[in-house]
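Worksheet for the structure shown next.
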Amino acid sequence: MSDADPAIQVDGLVKRYGSRAVVDALSFEVQRGEIFALLGPNGAGKSTTVEILEGYRERDEGTVRVLGLDPIGEAGRLKPRIGVMLQSGGLYLTMTPREAVRLFATFYLHPNDPDEMLTLVGLDEAAGTRYRRLSGGQKQRLSLALALIGRPELLFLDEATAGMDPQARRVTWNLIRSLRDSGVTVLLTTHYLEEAERLADRVAIIDAGRLIKIGTPSDLAGVDTGGVRLRTAMPVDLEVLRDLPAAAKVHQNGDGLIELETGNAPQLLVEITERLRDVDVPILELRVGSGSLEELFLRLTGEGLRE
């Protein structure tokens, strides 16, 4: 497989359980060296798709190639080249992080240094702690270290930052970016839409097993510089905002978000800040752009709860 070929190719993928297709004619590609986010509500087919790509589940129809290989038929050649981070670690409760990474290192011909991996994910001080005593965030970071121990070309991250505190989440984001910058391809699933928006080079949204949108986060969200979004801590008279020289149009939607159209967003930001300071109205949110990935996701998949 050449560097110009996609890291992942999915064409017409179908997976059925009984008469129900949980993955239905799904097609997409993941380019080498990119962070690709696969998003969807519960039951959308994300986990099934990723398990097929990892070689843990067979497909019923369609073509799948991962690093140019069939995940099932050529699993022996593929497995040493990928890293898989699962939501549940599947480790013995009495095993320590140091024991776990040293054990996993024996599975590969040229592994990363186990102690360096523990340092990378911030588990130096917990290296001798039994798995059962680790916090949820520490278990996630250990899973990440185990996924990286074999120097993978392609990394699968399933809810990588679930259970992490904000500091650990930001550190993990930076680590994922550094992996991408070193040439590692990353496919991630996440329920944190902000995470996908911050990290992913491209995003695919699926629902009912079908692809419904794919593109860069900014393209999908329709973000532009022609509008400003404002949320305040208390009600504000919209006439105060309409009087701003850089504001073309001002309107407020049902949940209190104020949207201002403008031809000069930087100037409008200054005017809003100064005017609301003068009238003693605290600002909760102020950003340039006409949309967000989360808003698009909810518009496409609905706001009802999924089991």
Side-chain angles (χ1 to χ4, degrees), residues 6-31 34-75 78-79 81-90 140 143 147 152 154-163 185-193 195-197 199-215 217 220 293-307:
I8 295 174
Q9 296 171 288
V10 177
D11 186 14
L13 178 62
V14 175
K15 179 62 181 178
R16 298 186 184 89
Y17 294 113
S19 60
R20 185 171 69 96
V22 296
V23 180
D24 191 0
L26 183 62
S27 299
F28 64 89
E29 292 184 348
V30 178
Q31 303 305 316
E34 76 170 337
I35 299 174
F36 187 92
L38 188 62
L39 308 179
N42 291 335
K46 301 187 305 295
S47 295
T48 299
T49 299
V50 172
E51 288 171 359
I52 290 171
L53 296 176
E54 294 167 344
Y56 295 120
R57 196 177 296 275
E58 293 191 8
R59 62 189 179 275
D60 291 321
E61 295 178 23
T63 301
V64 173
R65 288 292 180 269
V66 178
L67 300 179
L69 301 171
D70 183 325
I72 296 292
E74 299 173 289
L78 178 62
K79 289 292 198 289
R81 300 172 61 189
I82 67 173
V84 177
M85 179 182 175
L86 304 175
Q87 289 189 56
S88 55
Q140 284 294 96
S143 293
L154 170 61
L155 184 62
F156 292 95
L157 300 179
D158 187 10
E159 302 293 338
T161 62
T185 305
V186 180
L187 187 149
L188 66 88
T189 66
T190 180
H191 282 105
Y192 298 120
L193 276 297
E195 182 166 277
E197 199 160 14
L199 281 181
D201 298 300
R202 289 192 304 135
V203 171
I205 300 176
I206 66 174
D207 197 11
R210 296 183 176 183
L211 179 70
I212 52 178
K213 280 285 184 179
I214 189 169
L220 291 185
L293 187 58
E294 181 172 347
E295 290 165 348
L296 173 72
F297 181 88
L298 291 174
R299 188 163 68 247
L300 293 174
T301 66
E303 299 187 15
L305 295 176
R306 306 283 185 97
E307 295 299 329

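Predicted model only: the values in this text are computed from it and were never measured.
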> So, for P152 and I82, which heavy atoms are closest and what is the spacing to 0.1 Å?
Replying inline: CB-C, 3.6 Å
> Does a side-chain heavy-atom distance below 4.5 Å link D207 with P41?
Replying inline: yes
>> Please find the pair of heavy atoms, one from L13 and one from R59, that lie closest to each other, and give the distance.
In response: CD1-CB, 3.5 Å
> Rounded to the nearest 0.5 Å, how far does CG of L39 lie from OG1 of T301?
Replying inline: 10.0 Å
> With a distance cut-off below 6.0 Å to the six-membered ring centre and an angular limit of 45° from the axis, does K79 pair with F156 as a cation-pi contact?
Replying inline: no
>> Quick check: closest heavy atoms across I72 and R57, and the distance to 0.1 Å?
In response: CD1-O, 4.0 Å
> Passes side-chain contact (heavy atoms from CB on, under 4.5 Å), T189 versus V50? Steps please.
Replying inline: CA-CA 9 Å; T189 66; V50 172; 3.9 Å; yes
> CG of D60 to CZ of R16: how many Å apart, nearest 0.5 Å?
Replying inline: 6.0 Å
>> Within the structure provided, determine whether V64 and P71 are in side-chain contact (heavy-atom separation under 4.5 Å).
In response: yes
>> How long is the straight-line distance from CD1 of I206 back to CZ of F28, given to the nearest 0.5 Å?
In response: 7.5 Å
> Quick check: does any side chain N or O of Q140 sit under 3.5 Å from a backbone N or O of E159, one acting as donor and the other as acceptor?
Replying inline: yes
>> For the backbone of E29 and the side chain of Q9, can you confirm whether one donor and one acceptor N or O come within less than 3.5 Å of each other?
In response: no
> If you round to the nearest 0.5 Å, how far is NZ of K46 from CG of L188?
Replying inline: 11.5 Å
> How many angstroms lie between atom CG of L154 and atom CG of L187, to the nearest 0.5 angstrom?
Replying inline: 7.0 Å
> Are any of the side-chain heavy atoms of D201 and Q31 separated by less than 4.5 Å?
Replying inline: no
> How about F36 and I8: do any of their side-chain heavy atoms sit closer than 4.5 Å?
Replying inline: no
>> To the closest 0.5 Å, what do you measure between NE2 (H191) and CG (N42)?
In response: 4.0 Å
> With P217, which of L199, L193, V203 fulfils side-chain contact (heavy atoms from CB on, under 4.5 Å)?
Replying inline: V203
> Considering only heavy atoms from C-beta outward, does the side chain of L26 approach that of R210 to under 4.5 Å?
Replying inline: no
>> So L67 and T185, do their side chains get closer than 4.5 Å, heavy atoms only?
In response: no
